[in-house]
6 protein chains.
Amino acid sequence: MDAVAPDLVTFGETMLRLSPPRGSRLETTETLRFSTAGAESNVAIAASRLGAESTWLSKLPDSALGRRVVTDLRRHGVTPEVVWTDQHRQGTYYLEHDSAPRGTAVIYDRNDAAVATATPGELPTEPIENASYYYTSGITPALSDQLRETTQALLKTAQSAGTTTVFDLNYRTKLWDPEEARRVLEPLFSHIDVLVVAARDARTVLGLDGDASAIATALADEHGFETVLVTRGDEGVVALSDGRVSEQGAFETETFDPIGTGDAFVGGYLAARIRGDELASALEQGAATAALKRTLDGDLAVVTQEEVDAVREQSSSGISR
Amino acid sequence: MDAVAPDLVTFGETMLRLSPPRGSRLETTETLRFSTAGAESNVAIAASRLGAESTWLSKLPDSALGRRVVTDLRRHGVTPEVVWTDQHRQGTYYLEHDSAPRGTAVIYDRNDAAVATATPGELPTEPIENASYYYTSGITPALSDQLRETTQALLKTAQSAGTTTVFDLNYRTKLWDPEEARRVLEPLFSHIDVLVVAARDARTVLGLDGDASAIATALADEHGFETVLVTRGDEGVVALSDGRVSEQGAFETETFDPIGTGDAFVGGYLAARIRGDELASALEQGAATAALKRTLDGDLAVVTQEEVDAVREQSSSGISR
Amino acid sequence: MDAVAPDLVTFGETMLRLSPPRGSRLETTETLRFSTAGAESNVAIAASRLGAESTWLSKLPDSALGRRVVTDLRRHGVTPEVVWTDQHRQGTYYLEHDSAPRGTAVIYDRNDAAVATATPGELPTEPIENASYYYTSGITPALSDQLRETTQALLKTAQSAGTTTVFDLNYRTKLWDPEEARRVLEPLFSHIDVLVVAARDARTVLGLDGDASAIATALADEHGFETVLVTRGDEGVVALSDGRVSEQGAFETETFDPIGTGDAFVGGYLAARIRGDELASALEQGAATAALKRTLDGDLAVVTQEEVDAVREQSSSGISR
Amino acid sequence: MDAVAPDLVTFGETMLRLSPPRGSRLETTETLRFSTAGAESNVAIAASRLGAESTWLSKLPDSALGRRVVTDLRRHGVTPEVVWTDQHRQGTYYLEHDSAPRGTAVIYDRNDAAVATATPGELPTEPIENASYYYTSGITPALSDQLRETTQALLKTAQSAGTTTVFDLNYRTKLWDPEEARRVLEPLFSHIDVLVVAARDARTVLGLDGDASAIATALADEHGFETVLVTRGDEGVVALSDGRVSEQGAFETETFDPIGTGDAFVGGYLAARIRGDELASALEQGAATAALKRTLDGDLAVVTQEEVDAVREQSSSGISR
Amino acid sequence: MDAVAPDLVTFGETMLRLSPPRGSRLETTETLRFSTAGAESNVAIAASRLGAESTWLSKLPDSALGRRVVTDLRRHGVTPEVVWTDQHRQGTYYLEHDSAPRGTAVIYDRNDAAVATATPGELPTEPIENASYYYTSGITPALSDQLRETTQALLKTAQSAGTTTVFDLNYRTKLWDPEEARRVLEPLFSHIDVLVVAARDARTVLGLDGDASAIATALADEHGFETVLVTRGDEGVVALSDGRVSEQGAFETETFDPIGTGDAFVGGYLAARIRGDELASALEQGAATAALKRTLDGDLAVVTQEEVDAVREQSSSGISR
Amino acid sequence: MDAVAPDLVTFGETMLRLSPPRGSRLETTETLRFSTAGAESNVAIAASRLGAESTWLSKLPDSALGRRVVTDLRRHGVTPEVVWTDQHRQGTYYLEHDSAPRGTAVIYDRNDAAVATATPGELPTEPIENASYYYTSGITPALSDQLRETTQALLKTAQSAGTTTVFDLNYRTKLWDPEEARRVLEPLFSHIDVLVVAARDARTVLGLDGDASAIATALADEHGFETVLVTRGDEGVVALSDGRVSEQGAFETETFDPIGTGDAFVGGYLAARIRGDELASALEQGAATAALKRTLDGDLAVVTQEEVDAVREQSSSGISR
């Protein structure tokens, strides 16, 4: 399949997700729900389901666990390009859903994951060079020193090939502290065209002040991003593109499982951009995809274009805020 | 059991209902919940559980699937009077529950259902003639040309025998369009004593204007119904009977599964009328039954008189609106 | 393990709890969730999980059902001290969760439970004498005449040994009527140091008037309790201790299962007192433990000190009311 | 429904059955399967499913638990004639399936069951008088002194009315000892037309020697039974009727759940007799029904005539032994 | 992906499979397992998992049900080439597993399936022309007159393009009778290179006599097949290729679910041929794949090359027969 | 609890066990069963359930995963003595049950487990010194260099204190190769009183020839073990003690889950020795415990003394071989 030019390539870790039934605890449950999850595959899956030819790049242990990851990507139409290894682990995470006042409890068990050893040399870079968009997140360089190097190398590859690079800062307190994150991430900014960042992370990690609009402007000014998307949870997103600021509200949802909301937003946004939508339309599609994701169990936006369009139509009737 | 005179006879299709767990999708789920559902059996079951001797008339494929329908009716005390056939299908429907902003997703798979071929001649009409009430809904004639004929014939049979005829308009956009529905349904009105209709359907299908009260009046005036019940979702019902308009609010509920609410209302209403309740009391029982249904998984109002009475008592303390 | 001095000893009945899935009914469900429940073991478990060495005293049938109770206590660190018998039953209760306007439906099946025959002579009293706190509830003497005698005897034993006695009035309408409850419970008051009582029960059973504060004062005045805790559901608790009244609000929760909330409060409170917390701190820990319990399936507060502390910290930021 | 003459009436206790998943234990399981079970309802259900109009007589607590029993009988076409009471319990039993060398573990929790208080006066005897067959088992008089009296009274009622009486000795070691069983059961024999007894029980309880044939002959000789069916587990049954001995082998099965096999045999046998089959044919249908039951989870023979016939046809090709 | 030349293309119907838990029945079960199944997709999936680039051609309703089919094919690496339609149904089948003496119960609900209307013109034939192997089965032309025409047209297309054509006779009594099957299937034989046929079907449908070897010879002689594979259930397969007869025994298995065994055999066989294995090796891989399938729930051979090789190695140590 | 002298102390790793439903695969399953497993805790649990005061020593991550391990040990009456750490992982293993010809598939995910860093200094040695028996297995030193040192140190501690040391060689091919295992394990033999070893491992790892009896003799001769137990799977065990060889057959079982059989044997054996049984009786109890374990899901012998005795009684009637 060498000749294929994917619309979107993503690179990162996909974990196995293990979660007890609602109201039950890891300490006592007899059963777990078993699925797969990872920012970069979540984005690829959302985009794929909304029409984008998507490829996911990674490194996996050659076992039933690694194959499980591939299986789940494939069923949503994503093409996995995987380096298989007999060494290292398949990362997992355990999740107990929040229920106020009890917060979401996440236990990462991703040390020594195979992907953490992925070198630029062993990964196929052709898909990145041929793609329209390349996406990765700030989780990837947080996983290992090797991945810091690899993240930078792949961003450069994309940049050189004229592939639009998209980066979601995705700061994870369980992986590193704000200072280290900033020290590692800022040098990547010069290779990034589209930055996605939560307002909260911009404050914590990048030390920025002000509202989302101020943050977007500061980032674009300092680093020259083509587009900055500053997300604000249920207050929606502020976009700065070509010097213009625009806003997109979040759709109200009955939330079943909030994990993966941000990735669904990015996947929906990118799928729209890929098919040629204007920024405003892409933001709205991102918001609609994110809203639908929240109604579904698991990290994945198992949605259809029809459903996304239905949410957007409600929005034009004023449901969105 | 020829000599038995049921309180209520209903006629229509009962489907098998297949639904994935909450938050899961038909595209990926490994398991489905399996139950039975159909406006006319839902009404018979609700009424039976509240004390009415109820009989359900239909035609089913002679298979484990057809038997499943009978089994589920029986366990709630309804007497099934079934024409068995080796031809045709058992209708099913797939349901994904809504979770805002995602709507309820229903896939009907009821083409060529055995019941769609039921002729007036093959169905036992004696129960209808002996019954106090006969109920069917606008779904039935929407299923086939044969059923349009059969629906009319059975209504006439009931009318001739002095059995009170109850008809819920139950317009389903997935089965036909408003024009066709009106063309088929209006000629049935002269055989109907009690019409139940959603205000929205009255507007869409029958072209009526105004509020529920105006709709009820217009319908009674034009077609001479003894009683018209105009339902308005969570705003309750407006009844016109003997020229007097009355209202019954809906009880507030934590909704687990809204499917079947309208049928539970009718079943509760009829059970009350059958035992001699005044209109207001019957409307309140209908509303209470409907409220309880919403707290339960599946189409069926698996409730007791005691529970219905408990809801009504809360209501007299002002909880109802 | 004779030499061990537990922090807390509780005495009472633990039942097997059988409940259908949400939205399903005992009349039709194919499956039940199976767990254990009982005020006195609930308290012991909550306290044990929060650091108190806890012992639970009871009498059980020597069967897999009795062993199940022991198994569930042990896994939360409670030491069961059980009199085994070949006679009598293991009590159970069936639970259908409420969903407005449908109320919680409880069917007790606890007649002839082994514990109802427990005599003061056959139970090991040493743990009570060595403990810092002894807890039982008003459910226990409601179960049998024998248990009225045993409850009193054990309270006296504790009192003589200088063990602080804690009693939750826990009035259950399905077990007795207010008059009988009062007649049996009031004579116990002279042996009680800390009384926990719902404001509603104080009115119904003890005939007291006024708000929670008035109730607490009246009770302390009349019976000389060291501490009175008057609970008011989601309005929190009023405490009277050493003549001073203080209040603790309830934390807001997304409630998954409210059963066992009161017991979690007492368990959290006692664990704090046992480790030396001031009253206010203990009340806050009780309220936090109760709030977490409501997010969990089953009667038990399967929580950690860390989680309780996290809720309390939110509270200092003003979330509590 | 006074005028109806059922083919078969049975009287006895139906319990709720609670069993953990295969390989799991009551001590630790989180879930239980929930169903209903009882010799007399098992027989009525098997017979009903094979064409016999069947009525089940009993006394139940007026609760969701009692209603569950009724619900499960109804769905298999049996008419429940129930005396409802606000007193007494619904009997249950806990079952862990055997897996060699571990035996089946049954915990009866049926003390103080409502049915144990059923008097001849409160039960409707008309169905028994109108029926062709009346069936009860030796479990019923084992449950209480009252039921000894009631069992005898109902057998007399049947006998006087010319209803053929069928009695399965069904000795249960957990309910009484052989001496007491013999003392209570033998006086009933003069009212019994058809006795079903396991060879093992005939030896243990009735003190008989020899093989099944000898046992049948001895019983017929001494008590004048019209028919004696001596069952021998997987060696089939020996029948003595009108002085002639005949045999019916058991069909080989992959056993999923053996509980209820004997009841399925009797139900299949009676349904065949009721429709006029000769003894040999009825025995074969009994054996086929029993074999099918063993392939199904739960006590009930949820089978069809078609399936029973298919097994019998295999048998004529020599599969039966 | 026009330029891709798949190793294997298959064409046929894939159904949704609905089955109750072991020991439970469609008449009463609350839950169903939900999966996908179809001879041609089963073969494509088995082959894909064992290394063959596989494409599946079909026509599906444009709904969540049709998408479910695609999803399940994709996750095993098969490329679906689907004609989507807004008309017609998604076929399903209900399955109760056998448990001796109860046989497997299958209820097909596949009338009016979208695929039954697939015309040669609307299906993409390029993949067939580019492929090494084209596979379809005798089920396909049994589904509709249109599919008889389409089956023939596609076989001709493959033949013309030099693609090796493989056809599994797969006679289904529930779809047609032997005479009709023969009348339709024999004219296809001239377009077929490799015929797979159960010995039983060869006798019933094609009227052949003798043992598997005689059947193979007769078929090759009369129709000039390059290869004939005559399967004999647990006695293995007899192959005739280039005039030489060879045999491959079946591996002994603990059977969990036998459905799909034959398809797994063909898929394993084809994957081996595609990578260049000799006939004997391909037969052995087919047998090993079939054996593994029997240990798995569902129609699909969710196996790995490693597992297949492990079974084959056991076989060289003499376990095979 | 310093003063307590446990009967048995074990030291080793306990993992979380994750397994898909029967017939399902890790690649596709939506759910996993979740339990705990580890040779040393399995032995402690079996012994505890059969009356031995048992303590389990280990090091765990301070998380819900580590607490889960403690919870499961406690519910079977074992006292966990745990060193908690904020570093390192909780080991897990994934299990797909075998179904011939498919073998058991185990994926260990235990690298960097907290226990692998446990030093002799941080573990409490008092329980070992006070115990009658100390048990560990050859898995423990296979996990890390640190554990080789710690295993030796703890064995020496036990030996010095006069605690009888029991060691199960438990060779795991996934952890090391035979040469390395031998090099590490043989130096431990001088500190071991009772060696348990599978005949197969004795051949593979220790290079011994001959039958079980010869192996036992060779081992006792060379290393001076007080007792050697050579296990032979379903052929039972050969014991050499005080120079006398004896045999104990395995009980025949319907195997539900064979994992943990060997540990159940050792646990049953030790519990019998601890209460003073002779060797032959202890071997028989070990075999009976092992047989029961095989009928249960999970690694644990969730059995009672009563059940073990029932199996042994059958054995005296000749069922054992």
Side-chain angles (χ1 to χ4, degrees), chain D residues 19 21-23 31 33-36 45 48-49 71-77 97 234 249-261 264 284 287-304 306-321, chain E residues 17-34 93-109 171-175 177-178 198-200 203-204 232-235 250-261 291 293-298:
Chain D
S19 55
R22 305 284 161 143
T31 56
R33 271 190 87 75
F34 188 43
S35 58
T36 55
I45 284 169
S48 167
R49 294 190 58 95
T71 290
D72 275 9
L73 279 149
R74 272 189 187 141
R75 69 167 158 174
H76 300 293
H97 284 288
D234 56 13
F251 294 90
E252 282 190 74
T253 68
E254 291 177 65
T255 298
F256 189 90
D257 178 354
I259 314 289
T261 305
E284 194 183 69
T289 309
L292 288 167
K293 159 64 212 64
R294 297 176 73 83
T295 69
L296 298 172
D297 193 30
D299 275 53
L300 308 185
V302 184
V303 301
T304 63
E306 210 167 32
E307 289 173 327
V308 168
D309 292 345
V311 173
R312 296 177 68 181
E313 272 164 46
Q314 291 169 19
S315 131
S316 8
S317 342
I319 287 173
S320 150
R321 66 189 174 96
Chain E
R17 167 177 154 165
L18 300 154
S19 55
R22 306 284 160 142
S24 293
R25 309 231 65 179
L26 288 167
E27 267 195 54
T28 52
T29 185
E30 279 188 344
T31 56
L32 295 171
R33 271 190 86 75
F34 189 43
Y93 89 97
Y94 296 82
L95 172 71
E96 289 183 334
H97 284 288
D98 69 321
S99 175
R102 187 163 50 82
T104 301
V106 166
I107 299 176
Y108 284 137
D109 187 13
Y171 175 63
R172 292 286 182 271
T173 53
K174 299 212 167 183
L175 296 178
D177 59 40
R200 196 189 44 216
R203 293 187 191 103
T204 311
R232 301 174 302 174
D234 57 14
E235 289 176 63
F251 294 90
E252 281 190 75
T253 68
E254 291 177 65
T255 298
F256 189 90
D257 178 354
I259 314 289
T261 304
K293 159 64 211 63
R294 297 176 73 84
T295 69
L296 298 172
D297 193 29

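Predicted model only: the values in this text are computed from it and were never measured.
The side chain to side chain donor-acceptor pair (under 3.5 Å) search around E/R200 returns none, not counting sequence neighbours.
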Candidate polar pairs, chain E side and chain D side, donor-acceptor under 3.5 Å:
unit_1 : atom_1 : unit_2 : atom_2 : d
E/G23  : O      : D/D297 : N      : 2.8
E/R25  : NH1    : D/V302 : O      : 2.9
E/R25  : NH1    : D/E307 : OE1    : 2.7
E/R25  : NH1    : D/E307 : OE2    : 3.0
E/R25  : NH2    : D/E307 : OE2    : 2.6
E/E27  : OE1    : D/R49  : NH1    : 2.9
E/E27  : OE1    : D/R49  : NH2    : 3.2
E/E27  : OE2    : D/R49  : NH2    : 2.7
E/S99  : OG     : D/E254 : O      : 3.2
E/A100 : N      : D/E254 : OE2    : 3.0
E/A100 : O      : D/E254 : N      : 2.8
E/P101 : O      : D/Q314 : NE2    : 3.4
E/R102 : NE     : D/T295 : OG1    : 2.8
E/R102 : NH2    : D/T295 : O      : 3.2
E/R102 : NH2    : D/T295 : OG1    : 3.3

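Chain E forms the most heavy-atom pairs under 4.5 Å with one residue out of D/L292, D/V303, D/V302, and that residue is D/V302.
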